[in-house]
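Every heavy atom of this structure was used, including side-chain atoms; hydrogens, water molecules and symmetry mates were not. Throughout, protein chains are lettered first and strands after them, A, B, ... in sequence-line order, and every chain is numbered starting at 1. None of these values were measured; they are calculated from a predicted model.
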Amino acid sequence: MKIIHRIQTSLSIQLLGLLLVALLCGVKTFAQDTPPFMLSGRVTDIAKMPIAGATIAVEHTTQGTITDGNGQFSLQVRKGQNLVVSFISYQSQTIAIQSQTPLEIVLKEDVVQLDEAVVVAVGYGTMRKSDLTGAIASVSSEKMKKGIITSSEQLLQGRVAGLTVIQGTGDPAAGSSVRLRGGTSLTASNGPLVVVDGIPGVDMNTVQPSEITSIDVLKDASATAIYGSRGANGVIIVTTNRPKDKGTIEYSGYVAVGKVANHLDLLSANQWRKYVRDNQVANAIDYGGHTDWQKELEQTSITQSHTLAISNSNNNRSYRASVNYLNNEGVIRRTGLERISASLSATNYGLHEKLKIDIGLMGNFDTWKPLDYRIFERMYNLSPVIPVYDLNGEFTQIGGTNYENPVEINTNRTVKNNRYRLLGYTKAELEIVTGLKAVANLSYEYNSLQTNQYIPSNAMLEGQVDKGYGRKSLGDYTNKQLETYLTYDKTIGAHRMNLMAGYSYLDNTYAGFGAERRGFDTDLFSYHNLAAGQDFRAGDVYSYKGQSKLISFFGRANYNLKGKYMATATLRRDGSSRFGANHKWGYFPSASAAWRISDEAFMQSTRGWLNNLKLRVGYGVTGNQDGIGEYRSLAILGAGGASYYDAATGTWKQSYGPTQNPNPDLKWESTAQLNLGIDFSLFNRINGTLEVYQKKTSDLLYTYEVPQPPYLVGTILANVGDLSNKGIELTLNANLYRNNNLSVDMDFTLAHNRQEIEKLSNQTYETEQIYSGSLHSIRGLSNQFSQVIKEGYPVGSFWGPKCAGLTPEYEFILENEGESTYLGNVQPKLTAGLNLDVTYKQFDLGISAYGMFGQKVLNATAMALNDPTRLPAQNVPDDYLKTPISSPITYSDYWIEDASFVRLQTLTLGYQMQAEKLGISKIRVYVTGENLFVLTGYTGIDPEVSIDGLEHPGIDMVNYYPKPRTFSFGLNLTF
Amino acid sequence: MKIKIFASALLALAWSTSCTNLDENLYSQVGSDDYGKTPSEIETIVGRAYSALRGFNDKTSISYPTCEYVFFLNACVSDEACIPTRGTDWFDGGRYQEAEYHTWTPDNSMILSAWRYHFEGIAKINAVIYQVDKSLLEEEAKLIIKAELRGLRAYFYYNLLDLFGNVPIVTNYEDLELPANSTRKEVFEFVEKELTETLPLLPTGKIYGRVTQNVANALLARLYLNSEVFTGIARWQECLDACDRITGYALEPNYFANFATNNESSEENIFVIPYDHKAGTTGNYLHSMTFHYKQKFAFSPKADYPWCGNGICGQPGLYSSFDEGDARKKAMLAGEQTDLATGNVILMDDGNKLDYTEAIIDYQHAVQNEGVRLFKYEVKAGETWERDHDWVLIRYAEIVMMKAECLVHQGNPEAAQPLVAEIRTRAGLDTPAPVDLAFIDQERKREFVFEGLRRTDNIRSGDFFKPWWIKGETPAYRALFPIPQSELDKNIHLTQNPGY
């Protein structure tokens with residue numbers, strides 16, 4: 001007991017101590033009859049993974065036990081008795097006892113697979129779904145998005161209830177925005193923490209999609225609190241391939257053809273001429289062209305991807321190597337993403353199988369040409385009667401604001417960005433004694449971005465002004481990380497427990513430099529010889545470096561009684577160098593419990609149809625430290641670009657001054673979350689989960705305006721506000737039909753989230769409302785905002801005058817003299833996903849759709865293009881001729897549209913054949929159509945508009961990169 | 001036994017890993033306590049105080065003294081300039097119309113720009129003074145450096161006295177208490193005290209772009225010239241005395257030499273904000289706010305001139321107030337603009353000729369070519385968005401004109417006449433005798449057109465309150481701007497100026 005007392009003195013592992021007490025109390029000797037012998041054995045699944053918690057019962061007696069964490073059991077039995085081995089979602093087996101030889105029992109999954117059997121990564125360990133107490137959703141690779149994947153987040157689009165993946169652009173080089181259960185922060189990233197093979201904080205795109213076997217999404221705080229100050233937006237755990245088969249060679253590849261799915265209908269040259277003629281428009285200049293500026297910038301894209309993987313496995317000693325080439329062209333000319341990625345992983349055992357070493361390396365290399373997004377506005381502005389090229393074959397330039405030839409902008413510039421991502425790790429697992437394992441995971445992540453740009457001296461905008469402009473930069477980012485922990489598994493009778501405690505150290509360092517020059521006498525060097533530029537300016541050369549550290553202690557205790565009653569408690573203590581001096585360390589606790597009601601005796605009568613019913617409840621506190629950034633709490637001096645003229649030497653020198661107000665109270669944003677969940681299985685066909693949650697985020701970070709002086713700088717980053725998210729999520733997986741030839745499976749997700757800002761001010765920092773959703777870049781609306789952040793409303797709330805309609809003269813009728821009011825918000829009320837998989841003999845058909853409902857989008861594109869001052873110089877939509885709005889450009893709810901939509905994401909038809917004679921074990925060919933249609937009432941190009949950030953969330957900002965509709969043909973081969 | 005091992009291992013893990021050091025390592029920035037120990041480091045911090053003169057552009061306001069919106073505010077509320085609404089351009093929530101009609105509210109973002117420009121400068125200077133105080137310099141050296149910084153702070157406070165009147169006086173970097181207003185009289189006395197006290201410690205002679213005794217005397221002269229407006233008590237003689245203490249300057253024979261791209265050689269400019277785009281200076285782009293979108297074809301055959309936004313222009317009546325023979329009339333660009341490549345008059349989008357007119361027929365629905373353009377500083381083909389000419393804050397001609405005005409006030413117009421004649425002769429004009437206050441006021445309008453002095457002059461002459469062009473009468477309380485609403489919201493100790 002002395003030992004236990006000492007453990008209790010350590011706060012970070014106090015919970016573990018308590019559970020040890022429970023463990024000791026649980027030890028009691030079984031009253032035994034006098035059996036002839038002790039039988040031992042091991043229960044595993046087909047993949048040889050041990051099954052913990054399987055029930056071993058002696059038929060027709062009350063005797064029995066359950067398996068431990070290694071699937072081991074021992075039981076006193078008599079010859080001739082029958083053992084019944086059962087475990088949820090596996091077929092029960094009855095084994096007659098014939099000898100004392102230890103039994104190797106392999107349980108097969110039920111014909112209809114209940115996902116309770118799935119092994120789920122929970123962070124610092126794995127658990128079977130049946131044992132979970134928190135809200136965790138698992139997606140296996142076959143359920144992920146098919147077709148073209150340029151950012152790994154897309155794999156999950158529509159797959160997880162409550163996880164919103166928004167692809168607000170068709171640009172292959174752009175990522176997606178991911179949000180779980182609404183955002184929890186105004187300033188910080190709202191993206192979940194990504195953990196790859198046990199390494200937290202990894203860029204998800206480091207992993208090739210082909211190498212991902214499963215993704216587990218930790219949704220509630222009881223699940224994510226083990227990741228402490230980084231867990232508030234959920235955790236995505238990516239598990240990569242571990243070979244299980246004897247040597248294979250796999251090839252998979254596809255070729256896809258894409259076209260822009262939707263255009264805006266603007267006046268053609270003929271329509272423009274008719275309008276000018278019919279209305280006798282004075283001074284309309286006809287340049288004689290017939291130009292569809294949208295078409296001039298588009299192309300049919302050809303995309304191809306090829307993946308080759310080799311792997312082998314022999315007694316769990318295994319390796320896998322894979323390489324992928326992806327060339328994804330964009331539907332806007334000169335855009336695209338080219339990626340080469342490779343990964344290697346190997347596993348081996350030593351010390352009589354007690355030591356397991358995993359070594360892995362993943363790398364990829366992206367190269368792309370970033371698009372100058374200014375082309376879109378010009379593409380809409382330029383009149384269709386302006387030809388792309390003038391009589392001399394030069395790009396036509398009319399001159400005027402935002403009136404440069406967009407084809408010229410898109411053509412006359414050389415840009416190329418490269419990104420390298422590398423992740424290497426070594427993981428050692430040592431079994432010290434039975435059940436006690438030590439794990440150490442050392443990892444190194446390297447991420448670098450190179451940018452290159454050259455704007456020749458004849459290019460419009462910057463090119464001519466700068467007389468040639470060249471730029472190169474390199475930014476490096478490294479994560480050095482050590483994660484160590486001990487786990488202890490113990491089963492005593494009906495009691496099963498797992499304890500885990502660990503320590504982690506993370507050093508994140510970034511550094512970079514860049515150079516730029518202007519004034520090139522020749523454009524021949526492009527960006528390869530910056531010294532050729534003669535115009536040197538302060539700030540043309542720069543470098544920087546920063547660093548942050550995160551140190552953590554964490555622990556988890558898991559207790560399971562008879563597979564019916566489960567409890568989990570976790571605690572993490574995080575210290576971050578980013579936090580202010582007064583809050584260097586934070587505690588992040590959680591507790592959760594679950595009860596499998598369906599195993600209770602009183603539920604005997606419903607077992608025929610209710611195969612599983614489990615109730616879960618969890619509460620925890622997590623954090624988000626993303627919004628702080630490095631050095632934000634300190635009093636520092638920086639250059640800030642401020643040089644001064646030194647009259648004594650007649651030169652300019654760099655000055656240094658305070659760049660921020662110090663804030664020693666700076667800390668993480670804290671999110672407390674309560675989650676209630678029900679897991680159920682019906683008729684051996686339907687698995688479902690219903691989750692209800694309530695999240696409250698406090699200490700919300702925002703940059704507050706402060707009076708200056710006394711403050712040094714006009715703003716300060718401070719923890720002030722509160723924000724809440726409440727929601728409900730439903731997940732259904734159903735096997736609708738199954739026989740020998742045909743099976744039909746369906747997955748359905750549905751989620752609702754409601755966000756509200758509860759507080760924005762405290763005694764020190766006050767703001768009534770924060771204006772967001774800037775309309776500044778739209779002509780006539782400079783310095784105007786379309787949204788507010790205000791107590792009682794969600795982030796992204798449109799705020800402006802209500803429009804009652806149009807007068808007969810097509811003027812806006814604004815209600816209440818144009819007074820601003822709430823006009824809806826950008827967050828979807830409902831998000832849904834639907835996947836249907838049909839297999840008939842060797843054919844397979846997959847259909848995936850997702851939708852978002854109830855969100856508003858400001859169609860600023862329409863607002864800008866339906867301006868009465870545009871014609872004849874600038875083009876307008878066809879609609880403008882029908883509804884020729886005569887009021888000057890005015891922001892009101894006239895331009896806010898319901899952007900609810902359903903998108904047919906992919907439709908795949910495949911055929912699989914056997915070709916053993918050719919030495920090929922599997923051939924599958926398929927065609928996939930992507931983005932085949934969108935059902936929506938939204939009148940702009942695409943209703944799926946990014947809601948990230950505060951600048952333009954949910955605003956279609958006259959620069960939407962149109963999404964492609966693609967058809968791909970693919971081939972999978974396994975040798 | 002197993003439990004013992006487990007527990008011991010846990011403890012070992014928890015306690016042996018003493019690696020819990022969370023200190024932040026700075027690399028490309030420096031902690032403020034670690035800097036400012038040596039004279040050369042101090043020099044770079046003092047430099048930051050001067051760079052604050054150029055203003056800034058952040059999420060809350062654009063605060064450039066040369067352009068958006070500090071200059072715009074001063075110019076548009078006066079009788080020299082205006083920003084007409086041109087279709088969808090230059091409405092911007094009505095902020096320029098409010099300035100034109102003298103109907104501004106505490107929410108006008110240009111007023112916020114002006115407030116923040118000055119207080120940002122003051123906050124930076126207070127921080128620098130603090131750094132100097134705790135440096136390892138000799139006390140003597142500290143006093144001299146601090147005198148220069150206090151002189152510069154007095155420049156900002158002088159402007160605040162003129163614009164807002166009752167502003168808080170904050171001089172202590174370490175005091176984080178939210179400050180309350182001081183009265184306009186207190187601010188006046190503070191500026192006077194700071195300038196008078198620091199005067200003997202400031203450098204003598206000319207140091208380009210720095211606060212010298214000459215600069216402090218010029219500021220004192222401005223203070224006393226407007227003393228009647230600021231405090232109700234005229235102090236003409238003190239203004240004259242301050243003017244007489246200024247030495248070493250002369251009128252440039254060529255008026256426009258003061259506004260050339262390389263105007264650092266001017267013998268006339270007393271206090272300037274130096275600019276050089278190569279040094280990364282920002283905010284000096286007034287020309288791009290005035291010329292038409294297609295003006296670049298008139299400045300360069302290759303259209304090699306930065307983008308222009310067709311905004312601020314001369315108020316009707318300004319251009320014709322210059323005699324034809326007035327050399328200074330070229331400070332405005334009027335008439336048809338010719339494409340240097342083709343020799344043809346430039347056509348606007350609507351097919352009409354680009355012909356700058358003095359008249360603006362409908363201020364709220366102005367045509368693109370209405371209004372003469374601000375053309376005082378040199379224009380060069382091929383120049384960048386950030387212009388290189390140094391912005392003139394005080395030049396010797398102002399000293400001459402201040403003296404003349406004081407002499408008229410003292411009943412000695414005969415002595416004033418030759419001073420005004422000095423200014424007019426350079427412009428190629430004769431000077432009547434005697435000169436009166438109204439004449440001097442009109443002469444100041446022409447001599448200092450678009451130099452940011454006109455609002456103060458209009459108030460001093462009283463014209464500010466009378467109707468002009470499309471503006472009606474202005475109530476007296478509008479001689480001061482209101483304290484910006486967002487500043488009142490942030491600081492409960494501030495009270496609004498009377499009348500608002």
Side-chain angles (χ1 to χ4, degrees), chain A residues 3 7 10 12-13 20 283 285 399-401 433 436 464-465 486 488 501 503 505 537-539 544-547 549 551 553 575 577 584 631 634-638 641-645 647 652-658 705-710 712 714 779-780 782-784 867 869 873 888-889, chain B residues 2 4-7 9-10 13-14 17 19-20 22 24-25 27-32 35 44-45 47-48 50-51 60 87-88 91-93 109 116 119-120 122-124 126-127 170 175-179 207-210 274 276 278-280 293-294 304 306 349-352 384 487 490-491:
Chain A
I3 292 166
I7 291 168
S10 158
S12 64
I13 49 174
L20 280 173
N283 303 317
I285 306 172
T401 302
V433 290
L436 178 66
Q464 293 184 0
V465 172
L486 288 172
Y488 182 66
Y503 165 82
Y505 182 91
R537 302 183 187 178
Y544 59 87
K545 183 179 175 180
Q547 187 186 33
K549 284 181 275 189
I551 297 171
F553 299 90
S577 62
K584 274 287 175 211
Y631 314 127
L634 306 177
I636 49 176
L637 296 180
S643 50
Y644 70 101
Y645 183 74
W652 286 84
K653 289 183 172 173
Q654 184 65 59
S655 76
Y656 297 89
E705 288 185 11
V706 285
Q708 175 196 24
L712 278 177
R779 207 169 172 183
S782 65
N783 284 49
Q784 291 200 37
D867 183 319
T869 63
I889 185 165
Chain B
K2 280 176 189 172
K4 261 187 193 168
I5 293 170
F6 176 52
L10 265 183
L13 193 76
T17 45
C19 209
T20 54
L22 290 172
E24 290 193 276
N25 299 323
Y27 296 96
S28 42
Q29 290 149 313
V30 58
S32 61
Y35 195 76
T44 64
I45 303 173
R48 182 67 188 87
Y50 278 99
S51 68
T60 314
T88 46
F91 176 69
D92 295 338
S109 58
R116 294 194 67 226
F119 276 113
E120 154 89 12
I122 290 162
K124 289 284 185 297
N126 286 345
V170 184
D175 184 6
L176 272 182
E177 186 69 20
L178 296 181
I207 305 178
Y208 197 70
R210 299 292 281 246
D276 185 340
K278 292 196 177 217
Y293 315 110
K294 293 196 171 179
D304 176 11
D349 280 354
D350 62 7
N352 288 323
T384 56
E487 294 295 322
K490 285 185 290 190
N491 180 355

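B/Asp175 touches chain A through its backbone: at least one of N, CA, C or O sits under 4.5 Å from a heavy atom, while the side chain does not. Of the two parts of B/Glu487, only the side chain, counted from C-beta on, holds a non-hydrogen atom closer than 4.5 Å to a non-hydrogen atom of chain A. For A/Tyr505, the part lying under 4.5 angstrom from a heavy atom of chain B is the side chain only. Only the side chain of B/Ile122 comes within less than 4.5 Å of a heavy atom of chain A; its backbone N, CA, C and O stay farther away.
Two residues are said to be in side-chain contact when any heavy atoms from C-beta on lie closer than 4.5 Å; B/Lys124 and A/Pro658 meet this criterion.
Within the model, atoms CD of A/Gln654 and OG of B/Ser51 stand 8.5 Å from one another, a figure rounded to the nearest 0.5 Å. Rounded to the nearest 0.5 angstrom, A/Gln708 CD and B/Thr60 OG1 are separated by 9.5 Å. Distance check: B/Asn25 CG to A/Gln547 CD gives 5.0 Å after rounding to the nearest 0.5 Å. In this structure, the separation between CZ on B/Phe91 and CD on A/Gln784 is 7.5 Å, given to the nearest 0.5 Å. Separation of atoms CD1 (B/Ile45) and OH (A/Tyr656) is listed at 10.5 Å; rounding is to 0.5 Å. Atom-to-atom distance recorded for B/Arg210:CZ and A/Tyr644:OH is 7.0 Å, nearest 0.5 angstrom.
Between B/Tyr208 and A/Ala647, the shortest heavy-atom distance links the atoms O-CB, 3.4 Å.
Looking at A/Ser782, its side chain never comes within 3.5 Å of a backbone N or O of B/Asp92 through a donor-acceptor pair. The backbone N or O of A/Tyr631 sits less than 3.5 Å from a side-chain atom of B/Glu24, completing a donor-acceptor pair. Put simply, the side chain of A/Ser577 never gets that close to the backbone of B/Leu22: no donor and acceptor are under 3.5 Å apart.
Note on B/Asn491, B/Ile207, B/Asn126, B/Leu178: by heavy-atom pairs under 4.5 Å with chain A, the leading option is B/Leu178.
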